[in-house]
Amino acid sequence: MQLPRRVPWSSSAELDQVCSWIFEDENDIDAKLLAIQRITAWKLITSLPHAIESTLSILTSITDDSLPRNQRAFSLTLRHNYAAALIRLVNGLVDPLQSGIYARSIASIADQLGLPLWLVELRHSATHEDLPSLELLREGARQAMVWLFNNYWLPTSNPTTVPKLEPVLRPIAPIFNEYRRLVKATVRDHSIKVSYQQPIARIVREIERWVSEAQVAIDHGLETGDAGDKESFALEKLSDELLEKGVLVPLAKKKRVFPEDGFYPPAISIQVWGPLIQQLTSTHPDLPLTLINRILSRLLSPTEEKSNSSYDACIARWAAWVVDFGQVEGGESATKRDVVASIVSTLGPTVSQAKPIALQLVQAICKGDEQLESALSLLSQTTHVSNWQSNGMDTMAQRLEELLGSSEPVEVDVDVEMEHVDKPGKPAHCSAPGWHRLDSSKWSPCPLGQLQ
Amino acid sequence: MLSAVAARKAAQANRQHEVSPKTLPPAAKPKSKRKDAPSNESPSKNKKKKNERTPKRIVQQPTTFQLEADIIPIALDHDDEDDEPILQPTTSRAWSPSVPAGLDSSDEEDEEEPVPDEITAEPIPGPSTLPIKFIPVKDQNVFPLAPTDLDTLGLDSSPASAICLNPGEEVSFIGAFKLRVLSGSITIFGTTLSASTTMHNIYAPKSSPIPVVRVASSAPSSTPFPHSISRLDASRTTIVVQELRTGIQGLGRICGVFEGAFSHHDSTFDFGVPGIHMVDGPVKNVQPFELPPSWAAALDGLDKESKESTSKVYVVQGAKKAGKSTFARTLCNRLLAKHTRVAYLECDLGQSEFTPGGMVALNIVDSPLLGPPFTHPSLPVAAHYIGATTPKSSPSHYLSAIQACLEFYRLDIHTPIDDFSAAEDDTRISDAIPLVVNTMGWTKGLGADLLNRIHDLVQPTRTFEIEAPLYDDAYNPPTALTRDSCLLKPILRPVNTPYAASDMRSLNILSYLHAVFPDPEENTYRQGTATSWDTSLPLCAQPPYAVDPKVALDAVILTGAGAEDVVASEIDRVLNVALVGLVEAQDAGDAQLYVQGAAPPLPAHSKCHGLALVRGVRSTTASSTGSSALHILTPLPPSLLGKTRVLVKGEMELPIWGMLDFRLTPEEQKDVPYLQWHKGAGIGAEKRKVRRNLMRKAQM
């Protein structure tokens, strides 16, 4: 069971109120004081989201700074306030994204978060160099508040209206293009293979790096932060990129020439991209299955537009290739069956009416496997489908009624275990002044934090 | 580098020879030899170090050491196919650049760090002879007891069985049960129990090392068994196990991680006693309790101490996860062989033995502790609430709390003049109570400083220092080894356990809040341990006390970093669903209940009796309508509640499990206030995470 999290507010309305105290009117010092007092109290209750904690420190610095000059502290104190608040803001945002073994540069993470880069510079100079001037720090605090509002408070209070931030990934197309250029050259001219080995290896490393970046970027997009989820997300992204036109599928239609012997993609494409997929599979064993799944979802998604048959044919052939390659490599031995099952179950009882290319793919995969072939022929025979009738709902309602009528209310005895306990019995009477034990006549159970 | 290795080797060899507690000249500090190594060693050098260690481990081992004992400490049944072996290498893919490394999810000093696969702690040796697996056979060595037998033995009517053990036989259990030794003597949890009429409560959940019962000596019973049970062979060591009904199993329902911790379904033999399960093969993630030889030697050394009833004060210290509290518990049990009572001062706020943590507590122990801490929550005789699981926010308050407890010990406990009466035939020392001091695992930086101060305050007669586990590569400053120090090896921990330290803390708190405590006796310092748990209802369904703050309370105090800034108008909000200390304090009265920035009561003039949960707040201040009330849940006996007129709220929180109703599904609890089931939207919605193992590019 995924446990919930403790939060200090009883409902999101309370959080919204604090948000409006802070951001509604920039000059309303009283509202800001209320917000400071509330968040300070919250902080004692439980640890807060980093964004709220940072808002509190920056807000306190700003409020201190807005006092009349004669009540103000030394400007050095103010500068320290601002500097500490900004340093902690940046560190706290960046640290959770340091998920690799080695440290990434703070600037690159800030870029990914959309945090103004000069706040990172400010952090650096406030930490290691001269303490920045009050003017600069004030501007930094102002921008930090704007950033916090746009990136934390706004999405938190209206999670539905603000579109979920799709993790921003750097484009991989240029890397693929470079890879294709290099490998194609070696395919055409074997003599340069050795000298191209290193540049190709570098490009492959670059692709690996892209995958790990995708994993880090997902930190903000997924509900659960499971490491496995992150990897499968990254591999899905990679598969999608591979399936763009111009990568696995040649851009020009006239180049989509398929070999006669076997259900495979164009030979040149295999020569170029095959090694890459093999190499990536060695570090990401889930890649073949992910790629196949993405291919299938593209093939099987009902598209209204006149679908591009040569594109479909090409990716279907890639799926077949990956399945075979998987078999050869001794990877997922069940891949074949999984793929067939996945296609057939998506097609449902309308196997025979499916896109011909999907059918071809199934047949190609099943070819040579007696078990699968016989299963497929069995499936394609059952064509009778009972169509949905309008009186179906009535039948279901009737059945539900019957079910409800027959079942007696079942007493679930939760306390079987406790019956065996020698209970000394809690003393009901309490003589302490001001302490009074409630019993069930005056008090009914309710969630913690409520009185009745 | 090489010389350092050699020096360590020599030191290790030294240590091995001196098994008994030894006096270290100040010049020879074996610990410092290792610690002086530069902390920025390259990984390759570390590796070399570790390789060099391996042969030494063999040298250390006793000659009779059986190789099997390293892996199979309990009797093995290879036919058992249902369970996975205990020590299986963790299968994980080799490092890949795209796999994110583990995150440390908190900024606490004492949070766990990733444990590398290689643990070079002391291997657990087997006994000097090969353990013989106990094969239970009904009416040969296991005898279910009839009601008449129970009557003869003076036992109550719950189901019981007698078990006869031959020398060398050993048997281990999972579950909770009562145990009595009828003849001979046995060892369990490193403690020897001899034949007596005492019933011991044994708690053996899977979450901690399980007990192994071995024959210590099979001296024939001085009094032959009554005629009616003469079918039992009095010449064999005989124990009686009986059903123990405490409701502690219900904690598994409340704190889901521990579901089924007391049950074991692969037992092949039924003793006819509910709640006891014999372990006849390795069980996944379950370790048997074994006393490392250096511990056994140190504990045996105690017996050689003079019988004089002079003051004996023992300090147990060492890094986190080295086994401090296990050692301290075993030490207590050993001392109980010679003393009727032992005092235990808990200075480890994170994982306390008798209380849910967050307090410096002095407890009295008068019966052996046969189970992990959550199975014996107890009322302290003196305690001071710190309110956090580490003293880092209030180190001076922490020290004065220890000081106050020590003064109480020296004045009232050390030579007790209370009404405690031991059995007449009890030959143990009763006119002096020794003290065991358990310290915290924070041994670096400020923690080391605090430890030194604690030493100065405690003035121990003997210090047991557990070495830092060897996987702890960080720089460890040399600790000042005083005279009468005794170095111990760290305990071997299971590599992957489903129970994290934070889970254990949650369980401790929940066990405490559900416990049913005995009423404390006036003028007697007794153990005050709960022996039953009311787990029929979740906390949210238990009827609370309605407390009128105007009548019942003198002060409400907040402690912890940032507490000074909480204004009076927010106090009700802070108290709602807060875990608070119930403190008895002299002259804490003030016109106002809450004064911003008020300091916690001075330990010298106050005493914490226990914890409470404020489950609802109407108002702490009398409003115009005059209805001010707090709804409070506390396991404390009502007789204590009149004394505790101060509430102290620190940094400790109610575990999430405690806020849930185990009778409902998560979907039915979506609207519980103060809980958020979805991941927060927006950037920065997470609590802060701290990584301590991040490497720089230069370290590649």
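Residue numbers begin at 1 in each chain, while the letters A, B, ... track the order of the sequences.
- Of the residues considered (B:Gly642, B:Pro673, B:Gly616, B:Gly562), B:Pro673 shows the highest number of contacts with chain A, using heavy-atom pairs under 4.5 Å.
- Residue contact with chain A, scored on non-hydrogen atoms closer than 4.5 Å, involves the side chain of B:Ile632 exclusively.
- In terms of heavy-atom pairs under 4.5 angstrom with chain B, the leader among A:Gly92, A:Pro445, A:Gly114 is A:Pro445.
- Both the backbone and the side chain of A:Trp9 have a heavy atom closer than 4.5 Å to some heavy atom of chain B.
- Side-chain atoms of A:Asn151 do not come within 3.5 Å of backbone N or O of B:Ile683 as any donor-acceptor pair.
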Applying side-chain contact (heavy atoms from CB on, under 4.5 Å), run through A:Arg6 and B:Tyr674 and close with a yes or a no.
-> CA-CA 6 Å; A:Arg6 175 77 195 272; B:Tyr674 306 110; 3.9 Å; yes
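- Judged by distance alone, the side chain of B:Arg573 and the main-chain N or O of A:Ala41 form no donor-acceptor pair under 3.5 Å.
- Pairing each heavy atom of B:Val547 with each of A:Trp435, the nearest pair is CG2-CE3, 3.5 Å.
- Atom OG1 of A:Thr46 sits about 11.0 Å away from atom CD of B:Glu651, to the nearest 0.5 Å.
- In this structure, no portion of A:Arg209 lies under 4.5 Å from any heavy atom of chain B.
- Minimum heavy-atom separation, B:Leu675 to A:Pro4: CD1-CG, 3.9 Å.
- With chain B as the partner, the residue from A:Gly449, A:Ala51, A:Ser444 showing the most heavy-atom pairs under 4.5 Å is A:Gly449.
- Closest non-hydrogen pair, A:Pro447 versus B:Cys540, comes out as CA-CB, 4.3 Å.
- Considering all non-hydrogen atoms of both residues, A:Trp443 and B:Gln542 come closest at CH2-O, 3.4 Å.
- No donor-acceptor pair under 3.5 Å is formed between the side chain of B:Arg615 and the backbone N or O of A:Leu451.
- For A:Arg88, the part sitting under 4.5 Å from any heavy atom of chain B is the side chain, from C-beta outward, and nothing else.
- At a 4.5 Å heavy-atom cutoff, the contact between A:Pro433 and chain B is made by backbone and side-chain atoms alike.
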Hey, mind stepping through B:Val566 and A:Gln37 against side-chain contact (heavy atoms from CB on, under 4.5 Å) and telling me if it holds?
-> CA-CA 7 Å; B:Val566 176; A:Gln37 290 172 355; over 6 Å; no
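- A 4.5 Å side-chain heavy-atom check between A:Leu3 and B:Leu660 finds at least one atom pair inside the cut-off.
- Put simply, CD1 on A:Ile45 and CD on B:Glu570 are 8.5 Å apart, with the number rounded to the nearest 0.5 Å.
- Both the backbone and the side chain of B:Ala541 come within less than 4.5 Å of a heavy atom of chain A.
- Annotation: maximal heavy-atom pairing with chain A below 4.5 Å, among B:Val672, B:Ile656, B:Leu613, B:Asp661, occurs at B:Ile656.
- When all heavy atoms of B:Met659 and A:Leu448 are compared, the closest pair comes out as CA-CD1, 3.8 Å.
- In this structure, NE2 on A:His436 lies 13.5 Å from CG on B:Leu641, to the nearest 0.5 angstrom.
- Highest contact tally toward chain B, considering only A:Trp153, A:Trp147, A:Tyr152, is held by A:Tyr152 [criterion: heavy-atom pairs under 4.5 Å].
- Looking at B:Thr559, only its backbone comes within 4.5 Å of chain A, counting heavy atoms on both sides.
- Under the 3.5 Å distance criterion, the side-chain polar atoms of B:Lys649 are matched with a main-chain donor or acceptor of A:Leu44.
- Annotation: A:Gln279, atom CD; neighbour count of heavy atoms from other residues, nucleotides and ligands within 6.0 Å does not exceed 12.
- Proximity to chain B is limited to the side chain of A:Trp42, based on heavy atoms less than 4.5 angstrom apart.
- Neither the backbone nor the side chain of A:Ser11 comes within contact range of chain B, judged by heavy atoms closer than 4.5 Å.
- Chain A forms the most heavy-atom pairs under 4.5 Å with one residue out of B:Ala563, B:Gly560, B:Ser158, and that residue is B:Ala563.
- No more than 12 heavy atoms of other residues, nucleotides or ligands sit less than 6.0 Å from atom CG of B:Asp671.
- Highest contact tally toward chain B, considering only A:Thr40, A:Ile52, A:Leu438, is held by A:Leu438 [criterion: heavy-atom pairs under 4.5 Å].
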